[in-house]
Student: 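I have a structure here, written as structure tokens, and I will follow up with some questions on it.
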There are 2 protein chains.
Amino acid sequence: MAVTITDVARLAGVSHTTVSWVIHDDPRITDKTKEKVMKAIEELDYHPNYTARSLVKGKSNNIALVAPFFSSTFEMDVLKGIEDGMDESGYQYSVSMYSTRGEDAAVLNQIVRGRRADAVILLTIKPDQTIISQFKANGIPLILIEEEAEGCHVVRTNNIEGAYLAVTRLLETGKRRIALAVETENPGLSQSDRKEGYIRALKEKGIAFDRDLVVPINRFRFEEGQEVFPEILKKDADAVFCAAGDMIAMGMLLEARKLRIPVPEKLSVVGFDDSQMCELVYPSLSTVHQPLNEMGRKAWELATTLKKDSPPEKVVFEPRFIERDST
Amino acid sequence: MAVTITDVARLAGVSHTTVSWVIHDDPRITDKTKEKVMKAIEELDYHPNYTARSLVKGKSNNIALVAPFFSSTFEMDVLKGIEDGMDESGYQYSVSMYSTRGEDAAVLNQIVRGRRADAVILLTIKPDQTIISQFKANGIPLILIEEEAEGCHVVRTNNIEGAYLAVTRLLETGKRRIALAVETENPGLSQSDRKEGYIRALKEKGIAFDRDLVVPINRFRFEEGQEVFPEILKKDADAVFCAAGDMIAMGMLLEARKLRIPVPEKLSVVGFDDSQMCELVYPSLSTVHQPLNEMGRKAWELATTLKKDSPPEKVVFEPRFIERDST
DNA sequence: CTGAAAGCGCTTACAG
DNA sequence: CTGAAAGCGCTTACAG
């Protein structure tokens with residue numbers, strides 16, 4: 001079967017303790033012993049069992065990544081940054097993925113209880129206080145991406161600013177009836193922030209917020225953008241800012257093309273995220289760039305370097321407006 | 001600190017062995033004892049430590065997912081199926097992701113050596129025999145998606161058929177000079193199979209394979225589709241079958257639009273995969289549908305049910321041609 | 001029907 | 001400078 005530390009010790013003619021010292025580069029070991037042990041390790045092709053090591057050290061060397069689901073481009077972009085981080089840290093940690101599919105509390109409970117991770121990165125999930133304190137009690141830091149909660153570390157974009165930039169640009173191009181496609185039922189923090197940025201930009205130009213121009217979004221798939229598109233027309237909007245993201249915006253572009261509504265002449269469309277696809281659709285989609293790669297990377301960094309009792313860190317990235325052909 | 005099995009035993013007034021029996025629902029335990037223990041478990045909110053359990057059982061309850069990288073839609077679609085599988089199996093297993101970025105052997109070695117997984121799912125990676133035998137020696141099954149290798153389980157699409165369907169359709173629409181965009185340096189199995197299907201379809205119509213119509217692809221990003229597009233024009237092709245996938249096809253569509261080449265009148269474009277975006281681009285992309293969700297799910301099923309010594313299983317899914325506006 | 005004991009493969013004070 | 005021993009939190013034959 002698999003070779004253990006005892007096998008190495010036997011071959012090298014030392015105790016398994018000594019082998020452990022060698023592996024951990026303890027200064028007490030003489031060069032001669034070290035050499036002997038190293039040779040045995042090589043000869044047997046010994047690799048330590050991670051499970052055993054985890055048990056005695058009380059840490060799993062695993063980072064958990066939790067999201068409502070992993071099948072959208074948003075998650076992929078964040079994942080990319082995490083991959084970069086892993087690569088640099090030499091794969092000392094593994095990453096496990098958990099998609100909650102709405103069952104946030106249950107999944108998070110499993111993780112703390114089974115002590116399955118040394119740190120947890122949450123994508124667009126806001127855990128409740130009971131859960132947060134459980135993690136705290138176990139010394140497992142929580143890193144929130146695109147959300148905030150007391151006692152948690154935070155990595156996010158300045159969504160207010162992002163929305164402000166986009167809507168301001170629409171106003172500059174002369175648009176006045178700007179619809180807002182946004183999550184309205186239990187909106188995540190990023191959604192409500194974007195709404196705030198939208199209102200702020202309007203206010204600055206002396207335009208009052210008209211709640212009739214709000215189009216509620218729930219599922220964030222492009223089909224939903226298509227479905228709600230008639231509402232936009234009915235409201236007689238001359239632009240739509242999709243705070244709900246690029247996919248919704250692309251669904252709208254698709255429907256606009258089918259109904260022969262000229263974009264941007266008759267209707268400007270702006271997304272949020274700057275996913276890769278924005279360049280591929282026709283017309284190409286103007287959007288707000290979020291540095292998702294960097295955010296993922298930063299979250300990884302926090303996850304792997306934070307001490308149990310580090311005070312909550314908060315990292316906010318600045319967005320940019322990317323002008324393409326849909327405005 | 002965390003509550004252990006001993007704490008439960010103490011509170012319930014039994015030995016920790018008995019607690020373990022209760023957890024595993026051993027028939028020898030009387031209802032009365034069981035009840036007592038259950039109450040203690042509930043009261044202390046006890047959850048077993050997975051690391052300890054793994055160590056004694058010699059299995060990690062973890063499935064490793066290995067791919068060159070995780071940031072493309074192909075991986076996302078497979079991931080979706082895996083998520084479904086996890087969900088159904090009640091999260092008994094965790095999934096860890098490893099992106100190799102070309103270092104296949106090194107990453108796989110880490111996994112076997114550290115005994116970090118009970119089964120490994122490989123996406124478009126073909127491990128060499130040395131590695132395969134190491135996994136075999138450790139009783140860890142390897143499940144290959146879109147590749148094949150001796151002694152490994154296989155989940156794939158009938159790529160020959162997929163390419164055949166696509167090219168046959170192009171021929172039916174009257175196209176004759178059909179370019180083939182395909183990986184040529186160290187092509188993966190799916191790439192060479194698709195080439196074979198392409199050749200077979202041509203042959204059936206009495207058209208000889210013209211190697212001058214092959215466009216080599218390496219990186220699979222849409223920018224590469226744009227870059228190589230001029231070659232297609234130079235070859236005076238009237239269609240292009242992108243065996244290298246939808247992204248390459250979309251890059252070509254984008255470039256065709258810029259150069260005002262009418263698709264499909266002047267040039268038909270066909271992709272492979274049927275990613276979600278195919279409907280969003282203009283013109284919408286005809287492609288070959290691979291049931292990636294089902295494939296991911298099947299791989300998961302194999303990973304979690306296979307015994308150490310199960311003979312290699314091979315599951316082949318049948319593709320469908322999806323006609324949209326680019327043909 | 002239940003408990004004492006050994007063991008999974010390591011790490012790390014503690015002796016010598 | 002190195003080894004014997006205890007322990008991480010479990011599971012599972014083995015006794016009783």
Side-chain angles (χ1 to χ4, degrees), chain A residues 1-38 40-41 44-62 92 110 112-118 138-139, chain B residues 1-38 40-41 44-62 92 112-118 138-140:
Chain A
M1 283 301 316
V3 8
T4 74
I5 201 169
T6 320
D7 300 324
V8 176
R10 198 177 309 133
L11 180 64
V14 299
S15 78
H16 72 278
T17 308
T18 305
V19 177
S20 188
W21 289 136
V22 172
I23 293 170
H24 293 87
D25 228 353
D26 193 285
R28 287 174 272 183
I29 301 290
T30 57
D31 284 357
K32 212 173 122 197
T33 319
K34 188 167 174 175
E35 200 178 317
K36 233 174 21 182
V37 173
M38 288 303 247
I41 288 181
L44 294 173
D45 196 21
Y46 167 73
H47 285 245
N49 179 316
Y50 273 77
T51 309
R53 186 177 276 184
S54 293
L55 180 58
V56 33
K57 304 272 282 188
K59 46 179 292 196
S60 60
N61 272 84
N62 181 252
Q92 293 292 356
Q110 281 231 16
V112 228
R113 289 333 182 18
R115 265 131 288 165
R116 296 191 185 207
D118 297 335
N138 284 276
Chain B
M1 284 298 315
V3 6
T4 73
I5 201 168
T6 320
D7 300 324
V8 177
R10 197 177 309 134
L11 180 65
V14 297
S15 77
H16 72 278
T17 310
T18 306
V19 177
S20 187
W21 289 135
V22 172
I23 292 170
H24 295 86
D25 228 352
D26 193 286
R28 286 174 273 184
I29 301 290
T30 57
D31 284 359
K32 213 173 122 197
T33 319
K34 187 168 175 175
E35 199 177 318
K36 233 175 17 184
V37 172
M38 288 303 247
I41 288 180
L44 295 174
D45 196 21
Y46 167 73
H47 285 245
N49 179 318
Y50 273 76
T51 308
R53 185 177 277 183
S54 293
L55 181 58
V56 31
K57 303 273 281 189
K59 45 179 292 195
S60 61
N61 272 85
N62 181 252
Q92 293 292 355
V112 230
R113 289 333 181 19
R115 264 129 288 165
R116 297 191 186 207
D118 297 336
N138 284 277
I140 303 176

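Chain letters run A, B, ... following the sequence lines, proteins first and then strands; every chain starts at 1.
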Student: Quick check: on DNA chain C, is the nucleotide nearest A:Ser20 upstream (toward 5') of the one nearest B:Ile29, or the reverse? Name the residue that is more 5'.
Tutor: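 Taking each residue's closest nucleotide, the earlier one in sequence belongs to B:Ile29.
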Student: First locate atom CZ of B:Arg116, then atom OG of A:Ser54, and finally report the distance between them rounded to the nearest 0.5 Å.
Tutor: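 B:Arg116 atom CZ to A:Ser54 atom OG measures 8.5 Å (nearest 0.5 Å).
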Student: Under the rule for side chain to side chain contact (heavy atoms under 4.5 Å, CB included), what residues qualify as partners of A:Asp31, not counting sequence neighbours?
Tutor: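 Expected list: none.
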Student: Please give, in whole Å, the distance from C:dC1 C1' to B:Glu35 CD?
Tutor: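 The distance from CD of B:Glu35 to C1' of C:dC1 comes to 17 Å, rounded to the nearest Å.
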Student: Determine the contact category for B:Thr30: base if any of its heavy atoms lies under 4.0 Å from a base atom, sugar-phosphate if only primed atoms, P, OP1 or OP2 are that close, otherwise nothing.
Tutor: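 It contacts sugar-phosphate atoms only.
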Student: Touch check for B:Thr33, heavy atoms < 4.0 angstrom, all strands: base, sugar-phosphate only, or nothing?
Tutor: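 B:Thr33: backbone/sugar contact only, no base atoms under 4.0 Å.
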Student: Given a 3.5 Å cut-off on both pairing distances, which stems involving DNA chain D, each at least three consecutive Watson-Crick or G-U pairs, are present, if any?
Tutor: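 Paired runs of 3+ in DNA chain D: C:1-3 with D:14-16, C:5-12 with D:5-12, C:14-16 with D:1-3.
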Student: A:Lys59: what forms a side chain to side chain contact (heavy atoms under 4.5 Å, CB included) with it, not counting sequence neighbours?
Tutor: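 Counting only residues at least two positions away or on another chain, A:Lys59 forms a side chain to side chain contact (heavy atoms under 4.5 Å, CB included) with A:Lys57, A:Asn61, A:Tyr93, A:Asp118.
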Student: Heavy-atom distance under 4.5 Å between the side chains of A:Ile41 and A:Ile23, does that happen here?
Tutor: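 SC-SC contact between A:Ile41 and A:Ile23 confirmed.
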Student: Without decimals, in angstroms, what is the distance between A:His47 NE2 and C:dC10 P?
Tutor: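 Between P of C:dC10 and NE2 of A:His47: 12 Å.
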Student: Nearest whole Å is fine: how far is D:dT11 C1' from B:Asp26 CG?
Tutor: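 Atom-to-atom, B:Asp26 to D:dT11, this comes out as 11 Å.
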Student: Backbone N or O of B:Ile140 within a donor-acceptor pair of the B:Asn138 side chain at under 3.5 Å?
Tutor: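 Such a contact is absent between B:Asn138 side chain and B:Ile140 backbone.
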Student: Along nucleotides 3-9 of chain C, 5' to 3', which nucleotides get a B, which get an S, and which get a -, given that the test is a protein heavy-atom distance under 4.0 Å?
Tutor: BBB-BBB
Student: In whole angstrom, give the distance that lies between atom NZ of B:Lys59 and atom C1' of D:dT11.
Tutor: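 To the nearest whole Å, that distance equals 14 Å.
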Student: Please test A:Val22 against A:Met38 for side chain to side chain contact (heavy atoms under 4.5 Å, CB included), starting from the C-alpha separation and ending with a verdict.
Tutor: CA-CA 8 Å; A:Val22 172; A:Met38 288 303 247; 3.9 Å; yes
Student: Does A:Asp45 have any side chain to side chain contact (heavy atoms under 4.5 Å, CB included) partners at least two apart in sequence or in another chain, and if so, which?
Tutor: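 A:His47, B:Arg113.
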Student: Applying side chain to side chain contact (heavy atoms under 4.5 Å, CB included), can you list everything that pairs with A:Asn62, at least two apart in sequence or on another chain?
Tutor: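 So A:Asn62 forms a side chain to side chain contact (heavy atoms under 4.5 Å, CB included) with A:Ser60, A:Ser94, A:Ser96, A:Ala117.
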